[in-house]
Amino acid sequence: MIYLGKKQELFVVRKAEFGVYLASSPEEKKEVVLLPSKQVPEDCGIGDAVTVFIYRDSRDRLIATVREPKLQMGQVAELEVVQTGKIGAFLDWGLEKDLLLPFRQQRGKVEQGQRLLVSLYIDKSDRLCATMNVYENLRTDSPYGPDDRVTGRVYEMSDNFGAFVAVDNVYSALIPLKELYGKVELGQDISARVVKVREDGRLTLSIRDKAYLQMDKDAERILTMLEEREGTLPFNDKASPELIKQETGMSKNEFKRAVGRLYKERKIEFKGDCICRTV
């Protein structure tokens, strides 16, 4: 059988002026695909095996190529947007015909020159297209464990779950809502800490360090904010959690811990509803 979107070994069963026809076995005569003459290996004869990738040409005809695609079915890859149009964006995947990323498969605004994390799927017309919904094709056998530092691309944001991340553009991970702090956006490359490895192999991440390490960073952040605001913050640790997160990117508990440390170290003082840097 000939598989669309995959590299496979096929056999030469017939020659023509414009190339050779390949099949899944030397005896197969009905289900064949053309390998154009400019791609036929030198001294290739009837019965020889050739490793090819199968896709559709500009006329939607099944075609074989010996060129190496940057993406196959079941994989995830980062591809560059070479053009945008009325039906979607077109990506460079290493073949003569660019790969279509339809509008309905896009996540966020797509522009020429961007590098997007995508997978392949076969549409209703039996054509290969790209999708930014890569969840099903991310691997769950990462080499990482708790407290390892990892980097990855945010490929989806969910109001219910958090930020979905492709670690190393390969492995499936999630930053839960409770671990989301600061500015995290779709398409952003982030550095994070592995909190745990779930039973299904997917990673749970945090962009925060462990509490005792994070407290140091949070305290430094508050001191920096005080310097930027001439020594005064117009709120204190009794402010609403929403205000604290909006202004500092911290949860209320984290803010209170950091403020408590700075107060004990006599680096800040409270004046009414404000926090002030001590002189």
Side-chain angles (χ1 to χ4, degrees), residues 1-10 18-24 31-40 50-139 152-158 163-173 185-189:
M1 188 171 181
I2 296 175
Y3 296 98
L4 184 63
K6 294 183 179 181
K7 284 182 66 177
Q8 56 207 284
E9 185 178 76
L10 300 179
F18 41 81
V20 297
Y21 285 94
L22 308 175
S24 56
E31 188 182 24
V32 295
V33 61
L34 175 68
L35 177 64
S37 55
K38 62 182 178 181
Q39 303 233 4
V40 177
V50 185
T51 299
V52 293
F53 178 77
I54 306 300
Y55 70 117
R56 292 192 180 277
D57 64 14
S58 56
R59 296 184 181 179
D60 282 337
R61 298 173 300 188
L62 212 61
I63 198 81
T65 180
V66 295
R67 295 178 67 174
E68 185 75 21
K70 297 178 182 179
L71 178 65
Q72 297 186 54
M73 289 291 292
Q75 296 180 345
V76 176
E78 189 179 65
L79 302 181
E80 183 177 351
V81 179
V82 294
Q83 185 181 355
T84 57
K86 294 181 180 180
I87 59 174
F90 293 90
L91 314 179
D92 173 16
W93 63 325
L95 302 182
E96 292 181 357
K97 180 187 176 184
D98 293 329
L99 179 65
L100 173 65
L101 172 63
F103 282 120
R104 64 182 178 277
Q105 299 296 332
Q106 297 178 12
R107 300 289 182 272
K109 188 176 181 180
V110 171
E111 297 178 337
Q112 185 174 340
Q114 277 185 299
R115 296 190 63 83
L116 304 176
L117 203 62
V118 295
S119 291
L120 281 180
Y121 76 98
I122 299 174
D123 71 5
K124 293 179 180 179
S125 300
D126 202 34
R127 295 172 299 186
L128 289 171
C129 294
T131 176
M132 293 176 70
N133 184 19
V134 300
Y135 180 82
E136 295 296 334
N137 290 314
L138 290 172
R139 289 167 50 181
R153 175 75 56 84
V154 177
Y155 66 88
E156 187 170 342
M157 298 292 296
S158 168
F164 289 90
V165 178
V167 170
D168 299 337
N169 288 352
V170 175
Y171 305 109
S172 182
E185 298 178 328
L186 186 69
Q188 180 180 345
D189 290 319

Legend entry - Contact check, side chains of Val20 and Leu22, non-hydrogen atoms, under 4.5 Å: yes
Inset, instruction - For the pair Gln112 and Thr84, evaluate side chain to side chain donor-acceptor pair (under 3.5 Å) and give the outcome as yes or no after the intermediate values. - result: CA-CA 6 Å; Gln112 185 174 340; Thr84 57; 5.6 Å; no
Inset, instruction - Check whether any side-chain heavy atom of Val118 lies under 4.5 Å from a side-chain heavy atom of Trp93, and answer yes or no. - result: no
Legend entry - All salt bridge (charged side-chain N to carboxylate O under 4.0 Å, His left out) counterparts of Arg139, not counting sequence neighbours: Asp141
Legend entry - Option from Asn133, Val76, Leu138 for which side-chain contact (heavy atoms from CB on, under 4.5 Å) with Ser119 holds: Val76
Legend entry - Asp92 (side chain) donor-acceptor with Gly94 (main chain) under 3.5 angstrom: yes
Legend entry - Distance, nearest 0.5 Å, that separates CG of Asp98 from OG of Ser58: 11.5 Å
Legend entry - Asp60 and Lys97, any side-chain heavy atoms less than 4.5 Å apart: yes
Legend entry - N/O donor-acceptor pair under 3.5 Å between Gln114 side chain and Glu111 backbone: yes
Legend entry - For Met132 against Arg107, the heavy-atom pair lying closest together: SD-N, 3.3 Å
Legend entry - Residues Lys70, Glu80; criterion salt bridge (charged side-chain N to carboxylate O under 4.0 Å, His left out); working and verdict: CA-CA 11 Å; Lys70 297 178 182 179; Glu80 183 177 351; over 6 Å; no
Legend entry - Separation of Glu96 CD from Tyr55 OH (nearest 0.5 Å): 5.0 Å
Inset, instruction - Say whether, by atom type as modelled, one donor and one acceptor occur between the side chain of Gln75 and the main chain of Gln72 under 3.5 angstrom. - result: yes
Legend entry - Pairing residues for Lys86 by the salt bridge (charged side-chain N to carboxylate O under 4.0 Å, His left out) criterion, not counting sequence neighbours: none
Inset, instruction - Check whether any side-chain N or O of Ser37 sits under 3.5 Å from a backbone N or O of Gly19 as a donor-acceptor pair, and report yes or no. - result: no
Legend entry - Those residues that, when tested against Val32, pass side chain to side chain contact (heavy atoms under 4.5 Å, CB included) (two or more places apart): Val13, Tyr21, Ala23
Inset, instruction - Working to the nearest 0.5 Å, report the span between CG of Leu62 and CD1 of Ile2. - result: 6.5 Å
Legend entry - Closest approach of Val66 to Thr51 (non-hydrogen atoms, all atoms of both residues): CG1-O, 4.0 Å
Legend entry - From CZ (Phe103) to CD1 (Ile87), nearest 0.5 Å: 8.5 Å
Inset, instruction - Taking the side chain as every heavy atom from C-beta outward, state whether Tyr135 and Ser172 have any pair of such atoms under 4.5 Å apart. - result: yes
Legend entry - Side-chain heavy-atom pair Thr65, Val52 within 4.5 angstrom cut-off: no
Inset, instruction - Mind listing the closest non-hydrogen atom pair of Phe164 and Ser158 along with its distance? - result: CE1-CB, 3.9 Å
Inset, instruction - Could you pull out all residues at least two apart from Asp123 that satisfy side chain to side chain contact (heavy atoms under 4.5 Å, CB included)? - result: Tyr121, Ser125, Arg127, Cys129
Inset, instruction - For a side-chain contact (heavy atoms from CB on, under 4.5 Å) with Leu116, tell me which candidate from Leu79, Val110, Val134 qualifies. - result: Val110
Inset, instruction - State, to 0.1 Å, how close Ile54 and Ala64 come at their nearest heavy-atom pair, and which atoms those are. - result: CD1-CB, 3.7 Å
Legend entry - Test item: Met73 and Ile122 side chains (from C-beta on) under 4.5 Å apart, heavy atoms: yes
Inset, instruction - Answer whether the closest heavy-atom distance between the side chains of Phe90 and Leu101 falls below 4.5 Å. - result: no
Inset, instruction - Before giving the answer on side chain to side chain contact (heavy atoms under 4.5 Å, CB included), spell out for Leu91 and Val82 the whole-Å C-alpha distance, their side-chain angles and the decisive distance to 0.1 Å. - result: CA-CA 6 Å; Leu91 314 179; Val82 294; 6.0 Å; no
Legend entry - Pairwise side-chain contact, Val50 with Leu10, heavy-atom cut-off 4.5 Å (strictly under): no
Legend entry - Pairs involving residues 1-10, ordered by first then second residue, that meet side chain to side chain donor-acceptor pair (under 3.5 Å) (sequence neighbours left out): Lys7-Glu68
Legend entry - side chain to side chain contact (heavy atoms under 4.5 Å, CB included) partners for Arg153, two or more places apart: Glu78, Leu117, Asn169, Asp189
Legend entry - Heavy-atom donor-acceptor pair, Arg56 side chain to Asp126 backbone, under 3.5 Å: yes
Legend entry - Residue among Leu128, Leu99, Asn137 satisfying side-chain contact (heavy atoms from CB on, under 4.5 Å) with Leu71: Leu99
Legend entry - Nearest heavy atoms of Ala89 and Gln106, plus distance in Å: N-NE2, 3.5 Å
